[in-house]
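The sequence lines fix the lettering, A, B, ..., with proteins before strands; numbering per chain opens at 1. Just so it is clear, the structure is predicted and the values come from calculations on it, not from any experiment. Excluded from the calculations below are hydrogen atoms, water molecules and symmetry mates; all remaining heavy atoms, backbone and side chain alike, are included.
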Number of protein chains: 2
Amino acid sequence: MTTGALPRRVTARDVARRVGCSVATVSLVVNGKGEGRVASSTQQLIWEAVADLGYRLNQTASALARGRSSTIGFVCPDPTNPFFSMVLEGLSGALDDELSLTLLMPNQGSDYDLGTLQRALAGDFAGLIIATPGRHLMDGFVPTCPTLLLDAAEAHPRIPGIDLDVVGAAGQLADHLAGLGHRAVGYVGVSRDKASLQTRRQALASSLERLGSAVVADLELDVLTLSSARDAFSTAWPAWDAAGVTAVVCGDELHAYGVLQAARTLGIDVPGRLSLVGFNDLPYSELVQPRLTSVNLSALDLGAAAGAALQEYLITGEPPATTMLPTRLVVRESTARASR
Amino acid sequence: MTTGALPRRVTARDVARRVGCSVATVSLVVNGKGEGRVASSTQQLIWEAVADLGYRLNQTASALARGRSSTIGFVCPDPTNPFFSMVLEGLSGALDDELSLTLLMPNQGSDYDLGTLQRALAGDFAGLIIATPGRHLMDGFVPTCPTLLLDAAEAHPRIPGIDLDVVGAAGQLADHLAGLGHRAVGYVGVSRDKASLQTRRQALASSLERLGSAVVADLELDVLTLSSARDAFSTAWPAWDAAGVTAVVCGDELHAYGVLQAARTLGIDVPGRLSLVGFNDLPYSELVQPRLTSVNLSALDLGAAAGAALQEYLITGEPPATTMLPTRLVVRESTARASR
DNA sequence: ATGAAAGCGCTAACAG
DNA sequence: CTGTTAGCGCTTTCAT
C-alpha cells in the first residue's frame with residue numbers, strides 16, 4: 001500500500017533536456033506559437049516528449065511570467081439560490097475554455113460583504129464579476145482588474161455592468177395588474193440592501209400610481225426563504241384584507257411561494273380572491289398549482305451576457321458600455337381580474 | 001471621462017523602498033512570520049506603507065515561489081442542480097479563508113467529461129474535489145494533487161472519498177415500503193453512467209427482494225428534468241398499472257415531481273393509489289402537495305465533510321480514509337399503505 | 001534583526 | 001529556426 005507521495009512535477013526543462021532543445025522552444029510549441037518559427041520535426045519531438053513525460057504547463061508560473069492570470073472571479077451571495085446558480089451557469093457557458101472561474105461567496109451569512117470583496121481584490125484575477133451587490137457595498141471600491149457589475153444599476157459610476165430592465169418589467173407588471181382592475185396591491189419586499197431590490201418596489205409603485213392604482217401595504221422580510229414569507233403573510237393578511245388588497249407582488253418569487261402556501265392555509269382563493277406575482281422566474285413553476293405569474297429576469301442570459309462582455313473587455317482593454325437586458329412578464333394562472 | 005487604464009500593481013519592492021528595508025523583510029511581515037524576527041518598529045512601518053500604497057500580495061508569485069497554490073478545484077456537473085449547489089455551499093463554508101475555490105464544469109452538455117477533468121489537472125490546484133463522477137470516467141485517472149472523490153464509491157481504488165450511505169438508505173426505504181405492504185414497485189432511473197445512481201437501483205431491488213417485494217418495472221431517463229419524468233411516466237403508467245405497481249421510487253427526486261404531476265393529470269391518487277418516493281431531498285418539499293417522502297442525501301454535509309477532509313489531507317499529507325455519511329429516510333405524505 | 005542572493009517555472013525580447 | 005538572457009514578484013536559506 002503506497003501512500004501517495006506525488007512525483008515531482010515535470011517541467012519544461014525536463015522536456016527540453018529530453019528533446020535536446022531549449023526551454024524557450026518548448027514554451028513556444030506548447031503555447032501553439034511554434035508554427036513558422038520552430039521546425040516541424042522539433043515540434044514533433046517536443047510533443048512526443050510532452051506526452052511521454054506527462055508534462056503540463058505550470059499555469060502559475062505562466063501567469064506570473066505573462067503578467068496576467070487567466071482566471072476570472074465571480075462574486076455572488078449564495079449559489080444555492082436558483083437565480084445565482086443560473087447566472088453562474090450562463091457565465092460558465094459563455095467563457096472561453098482557457099478562462100477558469102473562481103467563486104467568491106460569503107464565509108458566513110447569506111450575503112457577501114466587504115470581506116468577500118477584499119478576497120476578490122486579493123486574488124489575482126484577470127477579471128471580476130460582481131453579482132447584485134448591496135447598495136453601498138461598492139462605495140469606496142477601486143477596481144484592480146477589469147470588473148463588471150451585474151444587476152446593480154448605478155452602484156458605481158465608473159464600473160460598467162449588465163443590468164436587467166427592472167423598471168420596464170415593473171411597468172409591464174403594473175399594466176397587467178391595473179388592467180385586471182387591481183387598485184390596491186400589497187408588496188412583499190426583501191430587506192437586503194440591494195439596489196435592484198429597491199428599484200423593483202419603487203418602479204412598481206410609481207407605475208401603478210400612474211394608472212390609478214397603488215401599493216397600499218408592505219412587508220419587508222430579512223431572509224429569502226419560503227417560510228419567512230408564509231409566516232409574515234399569515235400574520236399580515238387580516239390587515240391587508242381590510243385594506244382591500246386584491247393582489248400581492250413579491251420582490252422575489254421564492255416569497256411568492258410562501259404567500260401561496262399561507263393563502264392555501266387561510267383558505268384564500270388564488271387567483272379568485274387574490275392575485276399573486278413575483279420577480280424572478282424560478283424553475284419551480286411547473287411544480288406548483290396555480291402556476292405563478294412572474295417577471296422573468298432571465299438569469300441565464302444575464303450570466304452569458306456578462307461572460308461575453310468581460311471577455312471583450314479583457315481583449316480590447318476597453319470597458320464595455322453598460323447594457324440593459326430585457327425582462328418579460330410571464331402570465332400564468334396566479335393572476336386574474338380583481339375580486340372587487 | 002478617464003477610461004480606466006489600471007495603475008501598475010504595487011509590489012513588495014515598492015513597500016521595501018518606501019520603508020527603507022529589504023523585500024525579504026516585507027515578505028516576512030506580510031506573511032505574519034515577522035514576530036520575533038523583525039523589530040516591531042519595522043513591522044509598524046511596513047504595515048503603514050502597505051496601507052498607504054495599497055499593497056496586496058501577489059498570490060500568483062507567492063504560489064510559484066512557495067511551490068504550492070492555495071486554490072482548490074471543485075469538479076461538478078451542474079451548479080443549477082440543487083444537489084450540487086448545496087454541496088458547493090457546504091464545501092465553501094468548510095474551507096479556510098486562505099483557500100479559494102475554483103469551479104470546473106462541463107463546457108456543454110449536462111455532465112462533465114474527460115475534457116473537464118483535463119482542465120482540472122491542468123490547473124494548478126492545491127487540491128481537487130470531484131463530485132459524483134461517471135462510472136468509468138476515473139478509470140485511467142492519475143491524481144496530480146491531493147484529490148477527493150464525492151459520492152462515488154469505489155470509482156477509483158487509490159483515491160479517497162466521502163460517500164453517502166446509499167445502500168443503507170435503500171434498505172430503510174425498502175423496509176418502509178415493504179412494511180406498508182408494497183409488493184410491486186416501479187423504478188424511475190437516470191441513465192447517467194454514475195456509480196451512485198446505479199447503486200441506488202440495485203440496493204433497493206435487493207433489499208426489497210429480501211422482504212418479499214420486488215422492482216417489477218423500470219424507466220430510465222436521459223435527462224434530469226421534471227418534464228421528462230412526467231411524459232415518460234404518463235406513457236408507462238398503463239403497463240405499470242397492469243403490473244400491479246403500487247409504489248414508485250425515483251433515483252432522483254426531481255423525477256418524482258414529474259411523476260407526481262403526471263399522476264395528477266391521470267387522476268391517480270397519491271398516495272391513495274400510488275406511493276411515491278425519491279432519492280435526494282430537494283428544497284422543494286414545502287412547495288408541493290402532497291409533500292414527498294424522500295431519502296435525504298444531505299448534500300450540505302457532504303460538501304462540508306469534503307472540505308474538512310481535504311484540508312486535513314493538505315496539511316498532513318496523509319490521504320484521509322474514505323468515509324461514509326449517513327443518510328436518512330424522511331417520511332412525508334406521499335407514501336401510504338399499499339392500495340392492494 | 002536584516003539583507004543579499006538564489007531560485008520557483010515560465011515568457012518575451014533579442015541575437016545569432 | 002533556435003538559444004541566450006533577463007525578468008515576472010515572491011519566498012527562503014544563509015550570511016552578517
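Atom pair B:Leu64:CG and D:dC10:P shows a separation of 12 Å (rounding to whole Å applied). Between B:Arg9 atom CZ and D:dG7 atom P there is a gap of 20 Å when expressed in whole angstrom units. Atom OH in B:Tyr55 sits about 8 Å away from atom C1' in D:dG9, given to the nearest Å. One atom, CZ of A:Arg37, and another, P of C:dA12, lie 10 Å apart when rounded to the nearest Å. Between A:Arg68 atom CZ and D:dG7 atom P the separation is 20 Å, expressed in whole Å. As a whole-Å value, the separation of A:Glu35 CD from D:dC1 P is 10 Å. Straight-line distance from the CG atom of B:Leu45 to the C1' atom of C:dA1: 14 Å, rounded to whole Å. Distance CZ (A:Arg13) to P (C:dT11): 15 Å, rounded to an integer number of Å.
In terms of phosphate contacts, B:Thr42 brings a side-chain nitrogen or oxygen within less than 4.0 Å of OP1 or OP2 of C:dT2. OP1 or OP2 of C:dA12 has at least one side-chain nitrogen or oxygen of A:Lys33 nearer than 4.0 Å. Phosphate contact (OP1/OP2 of D:dG3, side-chain N/O of A:Thr25, threshold under 4.0 Å): present. In terms of phosphate contacts, B:Ser27 brings a side-chain nitrogen or oxygen within less than 4.0 Å of OP1 or OP2 of D:dT11. Between D:dT11 and B:Asn31, a contact under 4.0 Å exists linking OP1 or OP2 to a side-chain N or O. Contact between the side-chain N/O atoms of B:Ser22 and the OP1/OP2 oxygens of C:dA4 is not found at any separation under 4.0 Å.
Annotation: A:Glu154, atom CD; neighbour count of heavy atoms from other residues, nucleotides and ligands within 6.0 Å does not exceed 12.
For A:Val23, taking side-chain heavy atoms from C-beta onward, the closest of the listed nucleotides D:dC10, C:dC8, C:dT11 is C:dT11. Between D:dG9, D:dT12, C:dT2, one nucleotide has an atom nearer to the side chain of B:Asn58 than all others, and that is D:dG9. Distance from the side chain of A:Thr11 is smallest for C:dC10 among the nucleotides C:dC10, D:dC10, D:dC8. Across D:dT11, D:dT2, C:dC10, the shortest atom-to-atom separation from the side chain of A:Ala65 is found for C:dC10.
No contact: B:Leu28 has no heavy atom under 4.0 Å from any strand. Across all strands, A:Gly20 comes closer than 4.0 Å only to sugar-phosphate atoms, never to a base (heavy-atom distances). Within the 4.0 angstrom heavy-atom criterion, only backbone atoms of the sugar-phosphate kind lie near A:Ala12; the bases stay farther away. As judged by a 4.0 angstrom heavy-atom cut-off over every strand, A:Ala39 is placed among residues touching the sugar-phosphate backbone only.
For the pair B:Lys194 and B:Tyr112, the cation sits on the ring face: its NZ or CZ lies under 6.0 Å from the ring centre, inside 45° of the axis.
Side-chain atoms of A:Asp124 and A:Ser69 form no donor-acceptor pair, as typed in the model, at a separation below 3.5 Å.
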Practice prompt. I would like to know whether A:Leu91 and A:Ile129 meet side chain to side chain contact (heavy atoms under 4.5 Å, CB included); could you show each step before the answer?
Written response: CA-CA 10 Å; A:Leu91 175 58; A:Ile129 293 182; 3.5 Å; yes
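A:Met138 approaches A:Ile130 most closely through the heavy-atom pair CE-CD1, 3.7 Å.
Here the straight-line distance linking atom CZ of B:Arg37 with atom OG1 of B:Thr42 works out to 13.5 Å at 0.5 Å rounding.
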